[in-house]
4 protein chains.
Amino acid sequence: MHDHTTDRPGRTGRPRSAEADAAILAATREALVDLGWSKLTLGDVATRAGVAKTTLYRRWAGKNELVVDAVAELFDELELPDRGSLAADVEGVVLQFADLLARPETRTALMAVVAESTGDEALRARIRTSIVDRQKRLVLEGRQRAQERGELPAEDDPETAARTADLIFDVVAGAVVHRSLVSSEPVDTEWARSFTALLLGGLAQAGGRPSHT
Amino acid sequence: MHDHTTDRPGRTGRPRSAEADAAILAATREALVDLGWSKLTLGDVATRAGVAKTTLYRRWAGKNELVVDAVAELFDELELPDRGSLAADVEGVVLQFADLLARPETRTALMAVVAESTGDEALRARIRTSIVDRQKRLVLEGRQRAQERGELPAEDDPETAARTADLIFDVVAGAVVHRSLVSSEPVDTEWARSFTALLLGGLAQAGGRPSHT
Amino acid sequence: MHDHTTDRPGRTGRPRSAEADAAILAATREALVDLGWSKLTLGDVATRAGVAKTTLYRRWAGKNELVVDAVAELFDELELPDRGSLAADVEGVVLQFADLLARPETRTALMAVVAESTGDEALRARIRTSIVDRQKRLVLEGRQRAQERGELPAEDDPETAARTADLIFDVVAGAVVHRSLVSSEPVDTEWARSFTALLLGGLAQAGGRPSHT
Amino acid sequence: MHDHTTDRPGRTGRPRSAEADAAILAATREALVDLGWSKLTLGDVATRAGVAKTTLYRRWAGKNELVVDAVAELFDELELPDRGSLAADVEGVVLQFADLLARPETRTALMAVVAESTGDEALRARIRTSIVDRQKRLVLEGRQRAQERGELPAEDDPETAARTADLIFDVVAGAVVHRSLVSSEPVDTEWARSFTALLLGGLAQAGGRPSHT
DNA sequence: GCTTAACCGAGACGGTACGTCTAGTCTTCGA
DNA sequence: TCGAAGACTAGACGTACCGTCTCGGTTAAGC
């Protein structure tokens, strides 16, 4: 997160309003719901937040940065409650993630900032820092539990462990995003179960008959 | 594909130029490379194509529709050459898809139109028709071959077969897209091999030791 | 008048439709009433006339020429019935002219083409030929009658006679146009009587008490 | 005149630039000279004035209103220097007015806005307020002087006085405009003298022999 | 009655200007 | 020094007309 409010060096003059920050981020999410990414304008956000456009530009460099911050907060809601088995944990996080992507502000904003980031390394880094990497904890935590339960073997080489975690993260997140936003099909319990079976058992085993837990 | 040129009902009046269509789509891809999605303007595309802005608007409703058509042509390049085994076929198509996503016109355009489509059912349908569904052929063809080789069992229930194909498509396409565009990590041979091992063998088996073919 | 229909040199091929000419001019006047000069478009005129735009451009060079022809016909309605005295004749023609300028197609078109003609000598000539000079007959005829009645002395020098006729024409036409279109005041019987008194008797005499006939 | 700059009710925000107003009006007159009314575009005026198009639209509703204001300033140049007699005063103002109408920006603009005003009461009012009525001062002043000199009798009834002034104004302005712009003949000293003789002495007296002063 | 050239409708074409919108900056006043 | 208000430059938007062109099809004069 990028704190615009408190970490200023100089201390003379009128201090910035902390309320304004929250109001602006909330207004941004509201505007995303109403208008979508491309029709969202900073002037409109400022109006909704009851704030002057100048104030907004003083704190964020542009639309991209603002939206990344506004959306990042939403992703911190994801959790990994212990459901007793690796399969159940995977299913749970898949459904949580799908719920998040079902919210209009997330749907439209996430893909849009990713698209913008293709030609902007700074933005790409900001997305990784603020959104993506923060969620890898879910993979690490899930593996840890599965190893404790004996469902997965321990991994000695830390580099291989990291690579595998990244791979799993891309597969899980990618599949859910693709199903939700590109294929436009619902991510319901049935799909989550099929996906989990595929992830755990692989195509060779699960190809014909997905094993219902 | 949406044919703007030939399938009009009335036959009076000057017919539309078929060259213009091709020039516009090529100019769109060129502009995507140079400018990226958000800085691409239809006026600029028209200029690059040597065409009047009105000609462009007569055929496409807006930026979204135009870019979908321009990018869709690129996806038809994907093929599934027979590499002798299911694992090799998967690896091959993953690397092909990654190459396609490494091209700047695809990187910037694909996520952007998906983002726009979240609030526009017509656009979502156009993306599905022009891009997504057309590539499912790769999954179907790959499974067919694997079954003929005996690597996968036959599937009797056609509905289950279709659901499984959709699942695999979302997993493969989603993982590659997420790795390429969100995580911003390279999709190289090594990653493709690890991913294939996971897809075929599942997490339980491949978790510790990915089986190098 | 410019005859587009009959005076062509070659004689083979399909002849131009004479009905089209009339329909176009009528449609032009109708469009002038509905839309005014600046919002009149040739495409709209063509549609109203049930004619293709091409047909229209084949016969007139542009909006200006078309409107001049369309309006010129209206001016030929003016007549100078013998009312028994010079004053009565002047009053009569003033009121007739004012009635003509009260019609919306005349109001808007006359000034507009005059404005366009300031930078276009060919158009200026066309206006003089088609509209202005044709009406000078009214002045000449009126003077002729007045001289026969003994109200005005004969004029021996033909050049002086011509200059005086031009002067009177500018004064009468100019005053009526200015009153109608610039001052936006009605040209009614009372004003016509006052104007006639001024024209005949001059300011020195008519200044205080206009002599009601 | 319509003050866009100073008389706003609210006082917050950046005030409008007074320089911009002057630059825009000057650029408008320049563009009228170069292009004429019909080819004048607001985008071009903005460029010439070194101003953004939005600044221009913020202050004027459109081309008509802008041109009226730009031309109105020119009309304020007219004066009525005391030349010693009513006839000389009339001649002087006629020649001044003709000089004004000989300037290309006036020629092309005046008739055009009058033409546009035929279907637009607001514009008609603006023309009357900004241009026409302001010049009636010349008639009133001239009559005042002539009465002081004893050339014209005093007029007791103020309503008759006003009606007569309006009549004279329409006759003088109309005749000069018609001569200049419609008949396209020069308003030179000789014509001014003939016209003055007609105006003062009337047709009956001046018909044959215009009294050369 | 057959040619044949010029006509006709329809509508796409390359252009240009429109009037509006948004971005991001700047300038003023008041807190 | 900050914030609200709103004017500023810059430039894309999507639309409307311009005047030209390219079609398929029609129509009368002249052979």
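Values reported hereafter were calculated over all heavy atoms of this structure, with side chains retained and with hydrogens, waters and symmetry mates removed. Below, chains carry the letters A, B, ... as their sequence lines are ordered, and counting in each starts from 1.
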Protein-nucleotide distance (A:Leu56, atom CG; F:dA5, atom C1'), rounded to Å:
15 Å
Cationic N near anionic O, under 4.0 Å, C:Arg124 to C:Asp120:
no
Which sits closer to the 5' end of DNA chain E, B:Lys53 or A:Gly62, going by the nucleotide each is nearest to?
B:Lys53
From the options F:dC8, E:dC13, F:dC23, select the nucleotide whose nearest atom is closest to the side chain of B:Pro15.
F:dC23
From the options D:Leu32, D:Leu110, D:Asp34, select the one residue that forms a side-chain contact (heavy atoms from CB on, under 4.5 Å) with D:Glu105.
D:Leu32
Whole-Å gap separating C1' (F:dG14) and CH2 (B:Trp60):
17 Å
In whole Å, what is the span from the CZ atom of A:Arg59 to the C1' atom of F:dA4?
13 Å
The side chain of B:Thr12 lies closest to which of these nucleotides: F:dA4, E:dG11, F:dC8?
E:dG11
Flag the pair D:Arg48 and D:Glu30 as a salt bridge only when some basic side-chain nitrogen lies within less than 4.0 angstrom of an acidic carboxylate oxygen.
yes
Starting from C1' on E:dG19, measure out to CG on D:Leu66 and report it in whole angstrom.
14 Å
Output, in order, the C-alpha distance, side-chain angles, deciding distance and verdict of salt bridge (charged side-chain N to carboxylate O under 4.0 Å, His left out) for B:Lys39 and B:Asp44.
CA-CA 10 Å; B:Lys39 291 181 185 165; B:Asp44 181 64; over 6 Å; no
Integer-rounded Å distance: F:dC18 C1' and C:Tyr57 OH:
5 Å
Please confirm whether the backbone N or O of B:Ile127 pairs with a side-chain atom of B:Ser130, one donor and one acceptor, at under 3.5 Å?
no
Whole angstrom value for the distance that separates P of F:dG24 from CZ of B:Arg16:
17 Å
Between the side-chain atoms of A:Thr55 and the base atoms of F:dA4, is any donor-acceptor pair under 3.5 Å?
no
Does E:dC13 have OP1 or OP2 under 4.0 Å away from a side-chain N or O of B:Arg58?
yes
Give me the residues of residues 35-50 of chain C where at least one heavy atom lies under 4.0 Å from an atom of DNA chain E, by number, or none.
C:Gly50
Do D:Arg14 side-chain and E:dC26 base share a donor-acceptor contact under 3.5 Å?
yes
Go through the steps for D:Leu42 and D:Trp60 under the test side chain to side chain contact (heavy atoms under 4.5 Å, CB included), then give the verdict.
CA-CA 10 Å; D:Leu42 296 201; D:Trp60 286 277; over 6 Å; no
Given that C:Ala61 and D:Ala20 both sit by DNA chain F, which one's nearest nucleotide is further toward the 5' end?
D:Ala20
Nearest-neighbour nucleotide for the C:Thr54 side chain, E:dG11, F:dC8, F:dA4 considered:
E:dG11
Closer than 4.0 angstrom, basic N to acidic O: yes or no for D:Lys63 and D:Glu116?
no
